[in-house]
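Remarks on the structure that follows.
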Amino acid sequence: MNQLNMLNKALPVVFKKLKMDTPRKRIQVGRVLVALFFLALTPPPPANANDADHPHVLFIAVDDLNDWVGCMKGHPQALTPNIDRLAARGMLFANAHCAAPACNPSRAAISSGLMPNVTKVWSNPSGAMSKVYPGARQLPTAFNEAGYHTLGTGKLFHKKAQAQFHEYQRYNQRWSPFAADAVEYTDNELPSKGTNAPRHVLKDSKGCQVVLPINRMPSDRRPKEKAGESFDWGGFELPDTDWGDTLCTNWAIEQLNQLHDKPLFLGVGYYRPHIPLFAPQEYFERFKDERGQLPPYRTDDLDDLSDIGKRWAVEADTAGLHSTVVEHEQWQAAVEAYLACVTYVDHEIGRLLRALDRSDIADHTFIVLWSDHGWHLGEKNHWGKWTGWERSTKVPLIIVPPKNQADEYAPPGSVCDQPVGLIDLFPTFVEVCHIEGPAVLHGDSLTPLLRNPESLFRTSTLTMFDEGNASVRDRQWRYLRYADGSEELYNLNNDPNEWTNLAGNETYREAQAIMKEQLDGHLRKFKEGANHISASRQAQIKKEKP
């Protein structure tokens with residue numbers, strides 16, 4: 001009513017200024033002004049499907065996937081035709097790294113756009129970010145508030161994510177093709193778990209008896225706990241409906257087959273190749289004729305590391321011990337199982353992409369494929385993630401712009417070797433999807449690189465692995481510093497396996513000093529209370545100003 005009173009007072013003044021001296025003219029102008037007034041009070045309509053400013057997003061996460069992908073040439077037997085075709089459609093970021101090499105902190109950083117030393121989500125045991133750092137404005141929320149219809153399935157964040165999406169479908173993925181409770185040891189079986197003859201008996205969906213672990217290895221991590229031992233591998237001839245990752249694809253395809261009146265954010269989180277390395281038997285068949293090749297390895301690899309560096313290498317924190325794998329002659333079988341799981345997930349991604357290409361949003365969708373961190377398979381005597389080395393931090397990252405915007409970006413099949421991070425995804429979405437992100441984002445939009453992979457960007461990217469431990473990577477060097485101050489330096493151009501620690505070598509003193517300053521610069525920038533607002537976010541703020 002106050003606005004109407006103001007309008008009534010303003011109209012005579014307007015009429016006088018415009019010399020509206022007849023009742024008819026005054027009525028006509030008054031109607032126009034009233035219409036404009038109420039139009040200004042009306043909130044903007046929600047984003048519509050196929051709106052160029054709000055493209056659809058297919059957000060594909062793969063758990064524990066390192067660079068053993070065909071287009072990344074991380075292993076000569078990697079078989080990933082669908083991921084390779086996806087890279088050929090867009091841009092492969094060949095030097096991409098996680099914010100933290102474990103599921104919980106990596107995914108928390110992606111969702112919040114903030115590094116672990118701010119959120120305090122340092123590791124898997126840190127707890128959910130919603131409890132540890134409840135003030136975070138998370139990525140799905142930003143899409144929700146921008147008018148998107150958000151759908152999710154599978155493992156997108158470390159714990160439950162249902163509350164952040166309009167619809168969320170989760171299946172048993174970790175232990176598939178078995179139920180989670182089916183893999184637990186009984187009281188009678190538990191004494192065997194830490195021995196050289198572990199034995200837990202269950203039945204599969206066909207009623208056949210299965211004895212776990214298949215690899216017959218003792219549990220290095222939790223020998224006295226009833227929980228199933230996930231450091232295991234093998235194939236099974238069971239129905240598709242027994243596999244959680246397959247069910248996630250089925251559900252996502254159902255969503256793509258529907259008509260969409262709003263822009264869609266569809267997240268699909270695959271669990272494999274996370275341990276246990278179980279997959280349909282068909283993906284193991286190729287290794288009957290050609291056995292799996294072991295990764296590059298040196299027996300003296302740890303000799304030039306500090307005590308703390310050696311401890312990070314050999315502890316069975318996220319998987320098992322290398323010594324156990326070797327003793328039980330399981331190294332080759334584990335490599336084959338990892339490659340089989342990667343090909344299985346690639347098959348599911350292919351099904352998903354074909355469904356997208358048949359859908360009504362095919363030409364209007366950004367596709368983003370990423371892994372939360374890498375995974376060691378015996379390199380540096382380590383199995384699992386949770387280290388600051390290349391094998392643990394490096395991840396596949398592929399971004400494909402919508403077909404109807406292809407002219408605005410680099411040619412399909414482009415490769416960017418500049419150091420980028422998963423921390424850069426949130427600011428990228430802020431820019432390309434016109435959503436409102438948090439006031440503070442620690443990454444930088446990848447959009448300039450999507451247009452030109454040689455555009456000016458950061459010199460390096462940071463990975464943090466628990467409090468006080470950090471690793472920084474540029475185009476040539478990796479520098480690590482542990483909580484006790486010990487250091488490592490590697491020239492990745494000459495030493496891609498990080499076999500020779502150059503820290504303390506007088507010849508490389510300048511390189512070490514430069515990389516140390518890079519790491520310290522990142523830490524200063526991300527320090528709590530002095531947070532960095534990325535260049536992309538600054539540009540976005542400028543656009544928002546009247």
Side-chain angles (χ1 to χ4, degrees), residues 64 66-68 72-78 95 97-98 101-102 217 220-221 231 275 291-339 373-395 463 465-466 469-474 476-508 511-512 515-516 519:
D64 285 18
N66 61 24
D67 65 358
W68 288 15
M72 298 186 75
K73 302 178 181 179
H75 191 284
Q77 294 170 295
N95 194 7
H97 300 268
C98 59
M217 288 177 11
D220 292 323
R221 293 183 295 167
F231 195 46
I275 54 175
R291 296 305 307 270
Q293 297 182 31
L294 302 184
Y297 176 79
R298 269 176 48 172
T299 56
D300 63 348
D301 191 7
L302 306 184
D303 290 356
D304 55 4
L305 303 187
S306 65
D307 289 342
I308 192 172
K310 293 175 182 177
R311 191 163 67 248
W312 279 91
V314 301
E315 286 184 345
D317 199 335
T318 60
L321 294 174
H322 183 62
S323 57
T324 301
V325 175
V326 173
E327 178 187 349
H328 288 262
E329 299 180 345
Q330 284 291 310
W331 196 353
Q332 195 169 47
V335 167
E336 293 171 357
Y338 186 86
L339 290 168
H373 44 71
W375 214 74
H376 288 254
L377 289 101
E379 304 94 335
K380 288 195 172 300
N381 285 18
H382 189 75
W383 287 82
K385 49 261 188 176
W386 204 225
T387 76
W389 296 304
E390 189 86 349
R391 172 58 64 227
S392 192
T393 75
K394 189 175 183 180
V395 297
T463 298
F465 49 111
D466 217 347
N469 306 283
S471 172
V472 68
R473 176 73 154 91
D474 68 7
Q476 179 178 359
W477 300 92
R478 175 179 295 282
Y479 170 77
L480 295 87
R481 187 171 67 210
Y482 296 94
D484 69 347
S486 59
E487 301 168 287
E488 296 172 28
L489 178 70
Y490 301 98
N491 183 340
L492 278 297
N493 289 354
N494 300 331
D495 181 22
N497 299 304
E498 298 172 323
W499 281 338
T500 305
N501 178 15
L502 301 173
N505 187 318
E506 188 65 22
T507 303
Y508 303 99
Q512 183 172 342
M515 294 304 291
K516 179 180 179 180
L519 189 150

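Since the model is a prediction, treat every value here as computed from it, not as a measurement.
In terms of modelled atom types and a separation under 3.5 Å, the side chain of Thr318 and the main chain of Lys385 share a donor-acceptor contact. Here the side chain of Gln77 pairs a donor or acceptor atom with the backbone of Gln293 at under 3.5 angstrom. Not a single donor-acceptor pair under 3.5 Å links the side chain of Asn381 to the backbone N or O of Ala313.
Contact annotation: the side chain of Leu492 never approaches that of Trp477 to less than 4.5 Å [non-hydrogen atoms, C-beta and beyond]. Looking at Tyr338 and Asn66, their side chains come closer than 4.5 Å, going by heavy atoms from C-beta outward. In this structure, the side chains of Trp68 and Val335 come closer than 4.5 Å at one or more pairs of heavy atoms. A 4.5 Å side-chain heavy-atom check between Asp466 and Trp386 finds at least one atom pair inside the cut-off.
Minimum interatomic distance between Leu480 and Ser471 (heavy atoms only, all atoms of both residues): CG-OG, 3.8 Å. When all heavy atoms of Ala503 and Leu489 are compared, the pair lying nearest together is N-CB, 3.7 Å. When all heavy atoms are compared, the tightest approach of Pro101 to Ser392 is CB-OG, 3.3 Å. In terms of heavy-atom proximity, Ile308 sits nearest to Asn469 at CD1-OD1, 4.4 Å. Minimum interatomic distance between Leu302 and Lys310 (heavy atoms only, all atoms of both residues): O-CE, 3.0 Å. What you find for Asn95 and Asp474 is that their closest heavy atoms are ND2-O, 3.4 Å.
Using a 4.0 Å cut-off between charged nitrogen and carboxylate oxygen, Arg391 and Glu498 do not count as a salt-bridge pair.
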How far apart are the C-alpha atoms of His382 and Thr387, what are their side-chain angles, what is the distance that settles it, and do they pass the side chain to side chain donor-acceptor pair (under 3.5 Å) test? CA-CA 9 Å; His382 189 75; Thr387 76; 5.3 Å; no
Check against side chain to side chain donor-acceptor pair (under 3.5 Å), Glu487 and Tyr479: CA-CA 7 Å; Glu487 301 168 287; Tyr479 170 77; 2.3 Å; yes
Please report the C-alpha distance between Ser486 and Ser306 in whole Å, then the side-chain angles of each, then the deciding distance to 0.1 Å, and finally whether the side chain to side chain donor-acceptor pair (under 3.5 Å) criterion is met. CA-CA 7 Å; Ser486 59; Ser306 65; 3.0 Å; yes
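In this pair, Phe231 and Trp375 present their aromatic rings tilted. The plane angle is within the 30 to 60° band. Using a 30° and 60° split on the angle between ring planes, Trp331 and Tyr297 fall in the perpendicular class, above 60°.
Summarising the local packing, CG of Asn493 is surrounded by more than 12 heavy atoms from other residues, nucleotides or ligands at distances under 6.0 Å. Residue-environment remark: NZ (Lys516) stays at or below the threshold of 12 foreign heavy atoms within 6.0 Å.
One finds the CZ atom of Arg478 at 11.5 Å from the CG atom of Asp495 (value rounded to the nearest 0.5 Å). Of the inter-residue distances, the one linking His376 atom NE2 with Trp389 atom CH2 reads 6.5 Å to the nearest 0.5 angstrom.
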